[in-house]
Amino acid sequence: ADRTPRRRPPPRRPSRAGLLRLVANAGVGERPGFFGGIGLAGGFQLRTFRFELQADYTTPRIVVQPNDSSVSASFQAVHGTARACWVSGFERWEFPLCGGVRAGGLRGNARTGAERPEAAWSSSVSLAAEPSVVWSPIPELGIYGGLGLLVAMRRPSFAVGLDRDPIFTAAPIGLQLGLGVELKLF
């Protein structure tokens, strides 16, 4: 007769799930100045491991040559990232620790100062490390935040004129902050 009611445990994370994430990105180093863009990631997660593929697009940004303000170019980027993650967590929190490879290209288009302006591509390859956090107010939906460190293996670079004056060369190390919404599919 003296039974105490049991407290119901919080919903558990599924033992496996597909995931889809829409993310807004901002960062420095990999592209000219402070950049912003959007990304879409898809993947598969087991309880303590996940594999993700992500495509990112960076909005165009105009850069003026440091030595000559009459020369400028517009840059935008497209990248793809493949990463594997170890996932720890408790209750409604997950902490993926990811590492992988990021490849893509930076498209430059002369705006002023070029005799024959035409678009040019420069490829890039980086190693990526990204600790992140996912808070799930409900089991199928999560709020995502991550900070990525990008170490360039091949840096994009652009130069103009007969003397090949550099207008932009990517930094050897970049940072990228991502905030978004993650959906568990099954």
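Keep in mind that the numbers below use all heavy atoms, side chains included, and drop hydrogens, waters and symmetry copies. For this chain, numbers begin at 1 and follow the sequence in order.
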Same cluster or not: [X] versus [Y], using hydrophobic residues (I, L, V, M, F, W, Y) connected whenever any side-chain heavy atoms lie under 4.5 Å apart?
X: Leu185; Y: Phe44; result: yes
X: Leu147; Y: Ile173; result: no
X: Ile143; Y: Val133; result: yes
X: Leu183; Y: Leu46; result: yes

Which pairs with one or both residues in [range] pass salt bridge (charged side-chain N to carboxylate O under 4.0 Å, His left out), sequence neighbours excluded?
range: residues 169-178; answer: none
range: residues 132-141; answer: none
range: residues 36-45; answer: none

Self-check item: Other ILVMFWY residues reachable from Tyr144 by side-chain steps of under 4.5 Å
Solution: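 When side chains under 4.5 Å apart are linked, the cluster holding Tyr144 also contains Val23, Val134.
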
Quiz prompt | Hydrophobic cluster of Leu53, others only, ordered by chain and residue number, side-chain cut-off 4.5 Å | solution =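 Taking Ile, Leu, Val, Met, Phe, Trp and Tyr as members, Leu53 shares its hydrophobic cluster with Phe49, Phe51.
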
Contacts of type side-chain contact (heavy atoms from CB on, under 4.5 Å), residue [X], not counting sequence neighbours:
X: Val101; result: Val125, Leu127
X: Glu52; result: Leu19, Arg21, Arg50, Arg83, Cys85
X: Pro60; result: Tyr57, Ser74, Gln76
X: Ser157; result: Thr169

Quiz item: Distance-only, no hydrogens or angles: does the Arg155 side chain make a donor-acceptor pair with backbone N or O of Ala170 under 3.5 Å?
Solution: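 Between the backbone of Ala170 and the side chain of Arg155 there is a qualifying donor-acceptor contact (under 3.5 Å).
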
Quiz prompt | Other residues, nucleotides, ligands: >12 heavy atoms within 6.0 Å of Ile38 CD1 | solution =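 No, not enclosed.
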
Could I get the full list of side-chain hydrogen bond (donor to acceptor under 3.5 Å, both in side chains) partners for [X], not counting sequence neighbours?
X: Ser122; answer: none
X: Glu30; answer: Arg102
X: Ser126; answer: none

Quiz item: Does Gln45 reach the side chain of Val87, with side-chain heavy atoms less than 4.5 Å apart?
Solution: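 Sidechains of Val87 and Gln45: in contact.
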
Self-check item: For Lys184 against Ala17, the heavy-atom pair lying closest together
Solution: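 Closest heavy-atom pair between Lys184 and Ala17: CD-CB, 3.9 Å.
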
Quiz prompt | Gly39 versus Leu22, closest heavy-atom pair with distance | solution =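 Between these two residues, the closest heavy atoms are O-CD1, 3.5 Å.
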
Practice problem: Compute the centroid of each ring, for Phe35 and then for Phe75, and state whether the two points are separated by less than 6.0 Å. | Solution: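 Ring-ring flag for Phe35/Phe75: false, centres at least 6.0 Å apart.
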
